[in-house]
Amino acid sequence: INDWLKSLKENVDLKGIDILVMDYGLSADACNMLRKEGVIVRKAIHIDGHINNMRFFELSEFLKSNPQYEQVILCDSGDIIFQSDISMLFDMESDKIRGVCEDISQNMDVLITNKIIANATEVRNFLRDKKLINAGFVVYPSKTFIEIYSNMFKIITNKNAWGVDMLLLNYFAYKNGFYELDQKYNFIPTTSTLKYMIKDGKFYLSNGDIIPV
């Protein structure tokens with residue numbers, strides 16, 4: 001509320017955009033504060049698995065019940081701030097999944113086993129040598145999101161496994177068509193090779209451009 005939401009409302013053009021927070025254990029006071037800020041708060045119903053995985057199912061169910069939303073950004077909240085507008089991303093390549101690829105990624109091969117997904121060999125071979133799309137901030141056409149994650153949960157054999165969300169996002173994104181966003185739209189200092197600087201409490205690329213996310 002004090003960082004993610006504040007920065008979102010101060011820097012992003014929210015005309016025609018709603019903010020949804022999925023509640024996995026927020027206090028009643030926090031929920032009330034969010035609602036006073038005009039945020040839609042959805043109490044999580046699907047909790048029988050790792051939160052990183054179940055949030056996709058939760059959002060898919062929300063979108064099925066609210067077909068008026070044409071596009072959606074699913075993003076983290078505890079470790080993201082917004083420094084400039086990102087509303088144009090809804091219109092950019094709007095028929096594709098849009099996300100940022102990591103320059104430096106951990107080896108995900110060790111995670112791709114039949115203990116967590118049904119077609120592990122196929123997924124492992126398909127993703128080998130591809131850059132990893134970070135799941136922390138991704139833009140989707142809503143219909144594509146619903147389709148992908150209904151298929152995603154058909155092949156997950158362990159919903160409690162860490163990393164399944166990253167694996168299957170990448171698998172389905174590369175299969176369905178993917179547009180790579182500039183790194184500044186999900187800038188992670190530990191996975192990017194770009195140089196940056198901090199001035200007056202804000203993050204900038206070395207060329208002076210402010211980093212939006």
Scan residues 132-145 for pairs that pass salt bridge (Lys or Arg N to Asp or Glu O under 4.0 Å), counting only residues two or more places apart or in two chains.
-> none

Has Ile1 got more than 12 heavy atoms of other residues, nucleotides or ligands less than 6.0 Å from its CD1?
-> yes

Looking just at side-chain N and O atoms, do Gln83 and Asn11 make a donor-acceptor pair shorter than 3.5 Å?
-> no

Between the side chains of Ser87 and Asp85, does any donor sit under 3.5 Å from an acceptor?
-> yes

Take atom NZ in Lys130; do more than 12 heavy atoms of anything else shown fall under 6.0 Å from it?
-> yes

Determine, for Glu58 against Arg55, whether the closest basic-nitrogen to carboxylate-oxygen distance falls under 4.0 angstrom.
-> no

If only atom types and distance count, is the side chain of Asp23 paired as donor or acceptor with the main-chain N or O of Val41 below 3.5 Å?
-> no

Salt-bridge contact Arg42-Glu61 (side-chain N to carboxylate O under 4.0 Å) | no

Does a donor on one side chain sit under 3.5 Å from an acceptor on the other, for Gln183 and Asp103?
-> yes

For Gln68, look at atom CD and say whether over 12 heavy atoms of other residues, nucleotides or ligands are found less than 6.0 Å away.
-> yes

Start with the C-alpha gap between Phe126 and Tyr171, add the side-chain angles, then the distance that decides, and say whether ring-ring contact (aromatic ring centres under 6.0 Å, His included) holds.
-> CA-CA 7 Å; Phe126 180 76; Tyr171 179 67; 5.6 Å; yes

Check step by step if ring-ring contact (aromatic ring centres under 6.0 Å, His included) holds for Phe203 and Phe187.
-> CA-CA 10 Å; Phe203 287 74; Phe187 186 78; 7.7 Å; no

Result for side-chain contact (heavy atoms from CB on, under 4.5 Å) between Val100 and one of Asp182, Asn186, Thr191, Ile188 points to Asn186

